[in-house]
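One structure is given here, and the rest of the page talks about it.
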Amino acid sequence: MKNNRIREKIDRELSGITLSDEMKEKIRSSAGGGKRQAGKMMQTAAAVAAVMIFGGTCVYAGYSLLGITHVNDTELPALDPMKKVSAGKIPGSSDESGQILGEYSSYDEVNELLGGILLDSPLAGENPYMQVSVQTDNEDYGIVTAENYILGDTHDYQLVADIGRYNCKPGEEYGSSISLETAYMLSSEQEAAGWNTDYLGYYEYAGSYVSEKGYKVNLIRSTTDTADPRAEICAVFVADGIQYTLKGRVTEDTMKEIVDSMAGSGSPEDRSAGGSAD
């Protein structure tokens with residue numbers, strides 16, 4: 001009965017989301033998985049499918065499934081495994097689905113609340129345009145998203161009031177600021193369920209490599225402007241059991257430098273539970 005109610009809710013929400021029929025069917029089929037990830041992370045279509053527009057033209061949809069990571073029909077090489085970690089609790093009241101949603105202006109503040117488990121980059125620093133959101137149930141999983149995490153040489157930031165986000169002008173090296181998303185697991189059940197993301201739309205697999213610190217990294221690139229060396233690119237890797245996704249309009253070499261700059265304090269054993277602009 002619970003899965004039927006979830007599927008009915010998803011069907012209602014899908015009617016208001018612009019996605020292909022194939023993707024909608026994948027979202028519907030994921031609702032009856034029986035795992036806690038399916039029960040909590042997939043209770044609404046909005047939690048499963050996020051349709052985002054970058055630069056006015058590049059559209060992608062990503063959703064979490066209990067399967068292997070793909071970019072469209074391409075299966076990506078496996079990253080280092082995500083693992084259960086020990087983390088501090090995010091304060092706040094949970095909604096009807098058990099999720100706590102928090103908004104912050106500081107990545108450092110969120111990392112401190114979590115016990116310093118997250119990697120950070122000296123290229124970031126604190127800046128007045130950073131927008132950090134947290135989604136967690138404090139039991140199974142957590143997602144931390146930092147918009148405008150690294151500014152680089154972008155400039156002239158202006159708040160777009162109706163969407164609550166910043167626009168900026170590109171610099172010579174950075175075509176946009178860099179965003180960061182981290183995903184961590186808090187329970188053995190979530191660890192057993194897995195955490196994989198499919199990217200659909202104007203993206204392609206751009207290759208894999210091993211970073212200076214030994215992390216396996218997958219690169220995913222926008223296909224809307226392949227002639228631009230600063231076309232949007234994502235770097236996805238797992239460090240000490242936590243998944244990181246860096247995204248922005250920079251060259252592949254610059255993104256690799258950003259990945260190499262990510263560091264943290266404490267050993268992996270401690271974490272396992274078992275720049276400014278004008």
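Values below: all heavy atoms of this structure, side chains included; hydrogens, waters and symmetry mates excluded.
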Derivation and outcome, side-chain contact (heavy atoms from CB on, under 4.5 Å), residues Ile220 and Leu76: CA-CA 10 Å; Ile220 302 165; Leu76 272 59; 4.1 Å; yes
Worked check of side-chain contact (heavy atoms from CB on, under 4.5 Å) between Tyr244 and Val259: CA-CA 9 Å; Tyr244 296 83; Val259 171; over 6 Å; no
Working note: Lys83 + Glu191, criterion side-chain contact (heavy atoms from CB on, under 4.5 Å); need CA distance, chi angles, decisive distance, verdict. CA-CA 6 Å; Lys83 299 179 181 179; Glu191 185 176 11; 3.8 Å; yes
CA sep, side-chain torsions, deciding dist, call: Gln243, Val238, side-chain contact (heavy atoms from CB on, under 4.5 Å): CA-CA 4 Å; Gln243 181 177 280; Val238 175; 4.0 Å; yes
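With hydrogens and angles disregarded, no donor-acceptor distance shorter than 3.5 Å links the side chain of Ser222 to the backbone of Ala231. With Tyr149 contributing its side chain and Ser121 its backbone, the two residues share a donor-acceptor pair below 3.5 Å. Between the side chain of Asn72 and the backbone N or O of Tyr203 there is at least one donor-acceptor pair closer than 3.5 Å. Side chain of Asp153 to backbone of Pro170: no donor-acceptor contact under 3.5 angstrom is found.
Atom CG of Asn167 and atom CD of Gln158 lie 8.5 Å apart (nearest 0.5 Å). Considering CD1 of Ile178 and CG of Leu246, their distance stands at 7.0 Å, rounded to 0.5 Å. To the nearest 0.5 Å, the span separating CE on Met262 from CG on Leu180 amounts to 5.0 Å. Between the CG atom in Asn138 and the OG atom in Ser187 there is a gap of 12.0 Å [rounded to 0.5 Å]. One distance of note links CD of Glu257 with CD of Glu173; it measures 6.5 Å at 0.5 Å rounding. Taking OG1 of Thr136 as the reference point, atom OH of Tyr141 lies at 6.0 Å (rounded to 0.5 Å).
Leu101 and Ile90 fall into different hydrophobic clusters, where Ile, Leu, Val, Met, Phe, Trp and Tyr side chains are chained together by heavy-atom contacts under 4.5 Å.
Looking at Leu219 and Lys256, their side chains come closer than 4.5 Å, going by heavy atoms from C-beta outward. Under the 4.5 Å side-chain criterion, counting only non-hydrogen atoms from C-beta, Tyr205 is in contact with Asn218. Looking only at side-chain heavy atoms (C-beta outward), Tyr166 and Gln131 come within less than 4.5 Å of each other. Contact check for Arg230 versus Val250: no side-chain heavy atoms found under the 4.5 Å cut-off.
Tested against Ser177, the residues Asn148, Asn127, Thr154 include a single side chain to side chain donor-acceptor pair (under 3.5 Å) partner, Asn148. Each of Val144, Leu119, Leu118 was checked for a side-chain contact (heavy atoms from CB on, under 4.5 Å) with Ile242, and the lone residue meeting it is Leu118.
Residue Lys213 qualifies as enclosed at atom NZ: its count of foreign heavy atoms under 6.0 Å is above 12. In Glu109, the CD atom is crowded: over 12 heavy atoms of neighbouring residues, nucleotides or ligands sit closer than 6.0 Å.
Looking at every heavy atom in both residues, Ser179 comes nearest to Glu147 through CB-OE1, 3.7 Å. For Met255 against Ala235, the heavy-atom pair with the smallest separation is CG-CB, 3.7 Å. The minimum heavy-atom distance linking Tyr215 with Asp80 is given by the pair CA-OD2, 3.8 Å. Here the shortest heavy-atom pairing between Gly164 and Leu159 reads C-CD1, 3.7 Å. Heavy atoms only, all atoms of each residue included: Ser211 and Asp260 are closest at CB-OD1, 3.4 Å. For the residue pair Ser261 and Leu123, the shortest heavy atom distance occurs at OG-CD1, 3.7 Å.
Between the side chains of Glu126 and Ser106, at least one donor-acceptor pair of N or O atoms lies under 3.5 Å. Ser97 and Gln99 share a side-chain donor-acceptor pair at under 3.5 Å.
Below 30°, between 30° and 60°, or above 60°: for Tyr157 and Tyr129 the angle between ring planes is below 30°, a parallel geometry.
Using a 4.0 Å cut-off between a side-chain N of Lys or Arg and a carboxylate O of Asp or Glu, Lys247 and Glu181 do not qualify as a salt bridge.
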